[in-house]
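Written below as structure tokens is the structure these notes are about.
Counting from 1, the numbers follow the sequence of the chain as shown.
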Amino acid sequence: MNKRWTIDKIKEFVEKNSNSKLLTTEYHGFSQKLQFECACGSTFEKTFTKFKNNNQRKCDVCQPPKASR
């Protein structure tokens, strides 16, 4: 099933599944980086795919990136 994401659906997902807030107002596709505001007040960018599938739902200060292998 191919679910088409709209900016409203993404905003709803972010509100329900994280403490972050979506700042971006337009969505142009899965490769676009979206602007978020973390619960601590920092802003960060992630693609929605990484935010949704990889549980990267906080800024790099609150959730440091994993070390590369």
Side-chain angles (χ1 to χ4, degrees):
M1 184 177 106
N2 186 4
K3 184 173 185 178
R4 296 245 181 235
W5 289 93
T6 63
I7 195 68
D8 292 327
K9 287 181 184 174
I10 292 171
K11 189 173 185 177
E12 187 177 315
F13 180 90
V14 171
E15 288 171 0
K16 285 183 179 177
N17 297 288
S18 74
N19 292 326
S20 298
K21 190 167 110 180
L22 180 67
L23 300 177
T24 303
T25 56
E26 293 182 358
Y27 182 61
H28 301 289
F30 67 94
S31 63
Q32 174 192 354
K33 286 196 171 185
L34 303 173
Q35 190 85 20
F36 298 95
E37 183 179 319
C38 185
C40 72
S42 299
T43 58
F44 64 100
E45 284 187 333
K46 292 266 190 293
T47 62
F48 182 59
T49 304
K50 282 186 176 179
F51 186 91
K52 180 171 69 77
N53 296 340
N54 297 350
N55 288 324
Q56 297 178 9
R57 299 180 182 171
K58 297 179 181 173
C59 69
D60 289 345
V61 175
C62 294
Q63 181 179 355
K66 292 181 178 139
S68 58
R69 295 180 183 177

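Around atom CG of N19, no more than 12 heavy atoms belonging to other residues, nucleotides or ligands sit under 6.0 Å away.
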Assess whether side-chain contact (heavy atoms from CB on, under 4.5 Å) is satisfied between L23 and E45, documenting all intermediate values.
CA-CA 10 Å; L23 300 177; E45 284 187 333; over 6 Å; no
Check step by step if side-chain contact (heavy atoms from CB on, under 4.5 Å) holds for W5 and F30.
CA-CA 9 Å; W5 289 93; F30 67 94; over 6 Å; no
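Of the possible donor and acceptor atoms, one in the side chain of T24 sits under 3.5 Å from a partner among the backbone N and O of Q35. The main-chain N or O of F51 is found under 3.5 Å from a side-chain atom of R57 such that the two form a donor-acceptor pair. Of the possible donor and acceptor atoms, one in the side chain of Q63 sits under 3.5 Å from a partner among the backbone N and O of N55. A distance-only check finds no donor-acceptor pair linking the side chain of S42 to the backbone of C38 [under 3.5 Å].
With rounding to the nearest 0.5 Å, the separation of OG in S18 from NZ in K52 is 14.0 Å. Atom CG of D60 sits about 12.5 Å away from atom NZ of K58, to the nearest 0.5 Å. Rounding to the nearest 0.5 Å places NZ of K21 at 11.5 Å from OG1 of T43. Note that SG of C59 is 10.0 Å distant from CD of E37, once rounded to the nearest 0.5 Å.
Ring pair F48/Y27 is perpendicular by interplanar angle, where above 60° counts as perpendicular and below 30° as parallel. Using a 30° and 60° split on the angle between ring planes, F36 and F44 fall in the parallel class, below 30°.
K11 places none of its side-chain heavy atoms less than 4.5 Å from the side chain of T25. Within the 4.5 Å cutoff, no side-chain heavy atoms of T47 are placed close to those of L34. Using a 4.5 Å heavy-atom cutoff, the side chains of N54 and T49 are not in contact.
Nearest approach of E26 to Q32, heavy atoms of both residues: O-NE2, 3.1 Å.
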